[in-house]
Amino acid sequence: QKYYTGTWQLSAGQKELTLKTAQSSDTYQILQLDSNQMVLKLFVQQEENIYYYLLTYTVAAKSGFGQQKEWLANSTIYTQVDQQPQYP
């Protein structure tokens, strides 16, 4: 697993996404890119073997935020209290 801070760069033809860090540069092939999903393919070479990883990102996380926003809109927000807090 790699966790680096870096810069993402999208190629002009939107076919590759590159992550450049102080330690390395990884290029992901874009297999699908639309408003609902992004699918990336990363090739990794270790000694004589070449592996690839498929990474899929979806917008499912937005639905949770939307539910929270709806709950907040239907909630009562109090700006005054009946009894002020007191030091015991």
Side-chain angles (χ1 to χ4, degrees):
Q1 294 181 1
K2 294 197 273 184
Y3 299 97
Y4 297 128
T5 300
T7 303
W8 289 97
Q9 182 177 1
L10 183 61
S11 69
Q14 296 188 355
K15 299 202 184 270
E16 293 181 340
L17 188 61
T18 303
L19 173 60
K20 293 181 181 182
T21 69
Q23 293 82 4
S24 67
S25 178
D26 295 325
T27 300
Y28 299 80
Q29 180 184 3
I30 299 174
L31 302 178
Q32 180 180 350
L33 179 61
D34 57 41
S35 61
N36 295 317
Q37 184 169 295
M38 178 172 63
V39 180
L40 304 174
K41 188 177 196 178
L42 175 64
F43 289 95
V44 177
Q45 184 169 354
Q46 294 179 347
E47 299 176 10
E48 298 175 1
N49 301 315
I50 297 177
Y51 303 96
Y52 71 89
Y53 297 96
L54 285 177
L55 304 141
T56 303
Y57 300 93
T58 62
V59 295
K62 283 188 175 181
S63 64
F65 179 75
Q67 290 172 355
Q68 181 181 4
K69 188 176 178 181
E70 182 180 321
W71 173 81
L72 186 59
N74 295 330
S75 298
T76 304
I77 299 174
Y78 296 95
T79 57
Q80 295 181 356
V81 294
D82 294 333
Q83 182 178 1
Q84 293 294 325
Q86 297 177 4
Y87 186 76

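FYI, the numbering just counts along the sequence from 1. Being a predicted model, the structure only gives us computed values, none of them experimental.
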Which residue, W8, F43, Y53, forms the ring pair (Phe, Tyr, Trp, His ring centres under 6.0 Å) with Y28?
->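 The passing option is W8.
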
Start with the C-alpha gap between S11 and T18, add the side-chain angles, then the distance that decides, and say whether side chain to side chain contact (heavy atoms under 4.5 Å, CB included) holds.
-> CA-CA 8 Å; S11 69; T18 303; over 6 Å; no

same_hphob_cluster(L54, L42) at 4.5 Å side-chain heavy-atom cutoff =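 Per the 4.5 Å side-chain linkage, L54 and L42 are not co-clustered.
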
For the hydrophobic clusters of this structure (ILVMFWY residues joined by side-chain heavy atoms under 4.5 Å, transitively), does one cluster hold both Y52 and M38?
->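 Cluster IDs for Y52 and M38 differ.
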
Give a yes or no on whether K41 atom NZ has more than 12 heavy-atom contacts from other residues, nucleotides or ligands under 6.0 Å away.
-> yes

Can you tell me if CD on Q45 sees more than 12 non-hydrogen neighbours from other groups inside 6.0 Å?
-> yes

Rounded to the nearest 0.5 Å, what separation is found between the [atom1] atom of [X] and the [atom2] atom of [Y]?
X: D26; Y: L40; atom1: CG; atom2: CG; result: 11.5 Å
X: L55; Y: Q29; atom1: CG; atom2: CD; result: 12.0 Å
X: T27; Y: L17; atom1: OG1; atom2: CG; result: 8.5 Å

Taking all non-hydrogen atoms of both residues into account, name the closest pair between N36 and D34 and its distance.
-> N-OD1, 2.8 Å

Can you name the nearest heavy-atom pair linking L10 to Q14, along with the distance?
->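 Distance-wise, the nearest heavy atoms are CD2-CG, 3.7 Å.
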
